[in-house]
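A short worksheet on the structure shown next.
Numbering of ligands and ligand atoms starts at 1, following listing order.
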Amino acid sequence: MKPINVGLLGIGTVGGGTFTVLKRNEEEITRRAGRPIRITAVADKNLELARKVAGEGVKLTDDAFAVVADPEIDIVVELIGGYGIAKELVLKAIENGKHVVTANKALLAVHGNEIFAAAQKKGVMVAFEAAVAGGIPIIKALREGLSANRIQWLAGIINGTTNFILSEMRDKGLPFAEVLKEAQALGYAEADPTFDIEGIDAAHKVTIMSAIAFGVPMQFEAAHIEGITALDSVDIAYAEQLGYRIKLLGISRMRPEGIELRVHPTLIPAKRLIANVEGAMNAVVVHGDAVGATLYYGKGAGAEPTASAVIADLVDVTRLHTADPEHRVPHLAFQPEQVRDLKVLPIEEVHTSYYLRMRVDDKPGVLADITRILADSGISIEAMIQKEAPEGASQTDIIMLTHLTIEKNANAAITKIEALPVVQGKITRLRMESLQ
Ligand SMILES: NC(=O)C1=CN([C@@H]2O[C@H](COP(=O)(O)OP(=O)(O)OC[C@H]3O[C@@H](n4cnc5c(N)ncnc54)[C@H](O)[C@@H]3O)[C@@H](O)[C@H]2O)C=CC1
Ligand SMILES: N[C@@H](CC=O)C(=O)O
Ligand code: NA
């Protein structure tokens, strides 16, 4: 059977893993795909690296556009990253009638609407399993496995670097900067690690999941994004005492009036399976009206786990290469003309519950003042701890967990509580999700 020819753009962490796994499992993969999948050209601006990884028998170049223009290439695999040259290369590959496989979530979250429209017009596939949660087949699950459902919400630990940092800080008490360096050395972090720690990478991924779960366009620019840099280790400890874990979650929920799309540190009950996902592991919970809650778990970063998803896409594209475009699974799960223009809700309209930590004067009546403001705002309290003031101290910490409310309600109540003379400084507020 004639092999399918692949041009690999970028042979770094994921590109290197893809090359290695494809070679190692060649026989198994061919049995699945129906024909051999061969990387026949590699472009990397670091030619020495390309030579070292790919060896002999493959065309090597530092000009990625030469691969994209090569008439012998059937599928272009983009593993360079970023929104710059990667966008030009992907659009050029599509224009040249080539299928594209990419792990580039940044590119798809920001320019996906344009890229998928171009691919649709040209009748080529753009496959992106590796772009979300690395090796976990979450795109396949959302796009195909759950297609009977009205998906109601999804929430995931979708950034390995930050989950690794939170786990190491909690378990070993290591400082943030040290753990970040380790995550970089292990190949988990983005080229610019602020994308990881500020929640941007997770927002890219939840934007993509939201689009294919709900049949809406990519709306990254409307996502609410908070990372883990402002997180205080005292809150990690208080959350534990209350039976919760803090995880950086990407959350998207379908509501009749719009879509919630947000990334922030989140308290989740410690007894949930997802609360126990540690290190660079990822996990996503998807809730469908028919199936209920489903959980997907696995390695979300690293060379071979991500290569696993890239190659699964190569197998899919190879199988469907000769199929009529109408018989292929739609890029974004819904038929293109069925994509709905449902907008992302502002963060003030989000429905959630809260963890509040405040420093107060250690005087009688303080608690009554605070609970009155919350009650007047229609916010009920689920749990509370008041720390004993240390010997001789005149102030103490109160930690409260609230029931569900609307964010603007919580904001108004927090402003009123902060204005009380007995409350010192700003209130620390974290969102909580029950994930049931
Ligand atoms: N590392 C990981 O665990 C994961 C990475 N991804 C995504 O996969 C993509 C690749 O990531 P990594 O392999 O980690 O990056 P990397 O930095 O290890 O590899 C990128 C490669 O592209 C080459 N390159 C850069 N500019 C180029 C250009 N103009 N022409 C040709 N080659 C060029 C670099 O020399 C490098 O070898 C990114 O989009 C990333 O977000 C997705 C999931 C997991
Ligand atoms: N930097 C990302 C890599 C995979 O997408 C992460 O840490 O999850
Ligand atoms: Na995946």
Counting each atom of ligand 2 from 1 as listed, which ones have a heavy atom of [X] under 4.0 Å away?
X      : value
Glu190 : 1 (N), 2 (C), 3 (C)
Gly300 : 4 (C), 5 (O)
Lys205 : 2 (C), 4 (C), 5 (O), 6 (C), 8 (O)
Tyr188 : 1 (N), 2 (C), 3 (C), 6 (C), 7 (O)

In the protein, what heavy atom is nearest to [atom], and what distance, to one decimal place, separates them?
atom                    : answer
atom 30 (N) of ligand 1 : Ile80 CD1, 3.6 Å
atom 7 (O) of ligand 2  : Thr161 OG1, 2.6 Å
atom 7 (C) of ligand 1  : Ala103 O, 3.4 Å
atom 18 (O) of ligand 1 : Thr13 N, 2.9 Å
atom 19 (O) of ligand 1 : Gly12 CA, 3.3 Å
atom 4 (C) of ligand 1  : Val14 CG2, 3.6 Å
atom 5 (O) of ligand 2  : Lys105 NZ, 2.6 Å
atom 8 (O) of ligand 2  : Gly160 N, 2.7 Å
atom 31 (C) of ligand 1 : Lys45 N, 3.3 Å

Check your understanding: Side chain, backbone, both or neither: which part of Thr306 comes within less than 4.0 Å of ligand 1 when only heavy atoms are counted?
Key ->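 Just the side chain.
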Study note, to complete from the structure: Quick look: Asp201 vs ligand 1, heavy-atom contacts under 4.0 Å, and the answer is neither
Practice item. Give me the ring orientation class for His321 and His99: parallel if the planes are under 30° apart, tilted from 30 to 60°, perpendicular past 60°. Key: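 The arrangement is perpendicular - the two ring planes meet at more than 60°.
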Check your understanding: Relative to each other, are the rings of His111 and Tyr83 parallel, tilted or perpendicular (30° and 60° limits)?
Key ->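 If you compare the ring of His111 with that of Tyr83, the planes turn out perpendicular.
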Contact check: [X] vs ligand 1, nitrogen or oxygen atoms, below 3.5 angstrom:
X      : result
Tyr188 : no
Gly302 : yes
Gly82  : no
Asp62  : no

For the Na ion (ligand 3), does an N/O/S atom of [X] lie at less than 3.0 Å?
X      : result
Gly134 : yes
Val132 : yes
Ile136 : yes

Which pair of heavy atoms, one from [X] and one from [Y], lies closest together, and at what distance?
X      : Y      : answer
Asp201 : Ile158 : OD2-O, 4.0 Å
Ile139 : Ile208 : CD1-CG2, 4.3 Å
Ala307 : Val21  : CB-CG2, 4.2 Å
Thr194 : Ile200 : O-CD1, 4.2 Å

Exercise for review: Check whether any protein heavy atom sits under 4.0 Å from atom 15 (O) of ligand 1.
Suggested key: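 Protein heavy atoms within 4.0 Å of atom 15 (O) of ligand 1 - there are none.
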Exercise for review: Return a yes/no value: protein heavy atom under 4.0 Å from atom 39 (O) of ligand 1?
Suggested key: yes
Give the atoms of ligand 1, by number and element, whose distance to some non-hydrogen atom of [X] is under 4.0 Å.
X      : value
Gly187 : 1 (N), 2 (C), 3 (O)
Gly81  : 38 (C), 39 (O)
Glu190 : 40 (C), 41 (O)
Asn104 : 39 (O)
Gly10  : 21 (C), 22 (O)
Ala301 : 3 (O)

Salt bridge flag under 4.0 Å for residues [X] and [Y]:
X      : Y      : value
Lys247 : Glu278 : yes
Arg51  : Glu48  : no
Glu260 : Arg255 : yes
Glu226 : Arg262 : no
Glu418 : Lys426 : yes
Glu28  : Arg31  : yes

Does either side chain, that of [X] or that of [Y], offer a donor lying less than 3.5 Å from an acceptor on the other one?
X      : Y      : result
Thr61  : Asp63  : no
Thr266 : His264 : yes
Glu407 : Thr352 : no
Tyr238 : Asp397 : yes

Point to revise | Whether Ala189 lies under 4.0 Å from ligand 2, heavy atom | key: yes
Review point. Taking side chain as C-beta onward, heavy atoms only, is Met358 less than 4.5 Å from Met400?
Key: yes
Review point. Is there side-chain contact between Leu345 and Val350, with heavy atoms separated by less than 4.5 Å?
Key: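 No, too far: nothing below the 4.5 Å cut-off.
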Point to revise | Check against side chain to side chain contact (heavy atoms under 4.5 Å, CB included), Thr20 and Arg24 | key: CA-CA 6 Å; Thr20 309; Arg24 188 174 71 226; 4.2 Å; yes
Can a non-hydrogen atom of [X] be found less than 4.0 Å from any atom of ligand 1?
X      : answer
Lys105 : yes
Leu79  : yes
Gly134 : no
Ala130 : yes

Practice item. Show your reasoning for whether side chain to side chain contact (heavy atoms under 4.5 Å, CB included) applies to Gln152 and Arg253. Key: CA-CA 6 Å; Gln152 293 157 323; Arg253 180 175 281 122; over 6 Å; no
Exercise for review: Would you give the length of the straight line joining atom CD1 of Ile311 to atom OG1 of Thr306, rounded to the nearest 0.5 angstrom?
Suggested key: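 Between Ile311 CD1 and Thr306 OG1, I get 10.5 Å after rounding to 0.5 Å.
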Exercise for review: Using heavy-atom distances, let me know which of Thr61, Ile85, Asp63 sits nearest atom 29 (N) of ligand 1.
Suggested key: Ile85
Point to revise | Of the listed options Val310, Asp44, Asn46, Leu49, closest to atom 36 (C) of ligand 1 (non-hydrogen atoms) | key: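 It is Asp44 that holds the nearest heavy atom.
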Check your understanding: When you look for heavy atoms under 4.0 Å from ligand 2, do you find them on the side chain of Asp196, its backbone, both, or neither?
Key ->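 The answer is the side chain.
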Point to revise | Structural part of Asn282 in contact with ligand 2, heavy atom criterion under 4.0 angstrom | key: neither
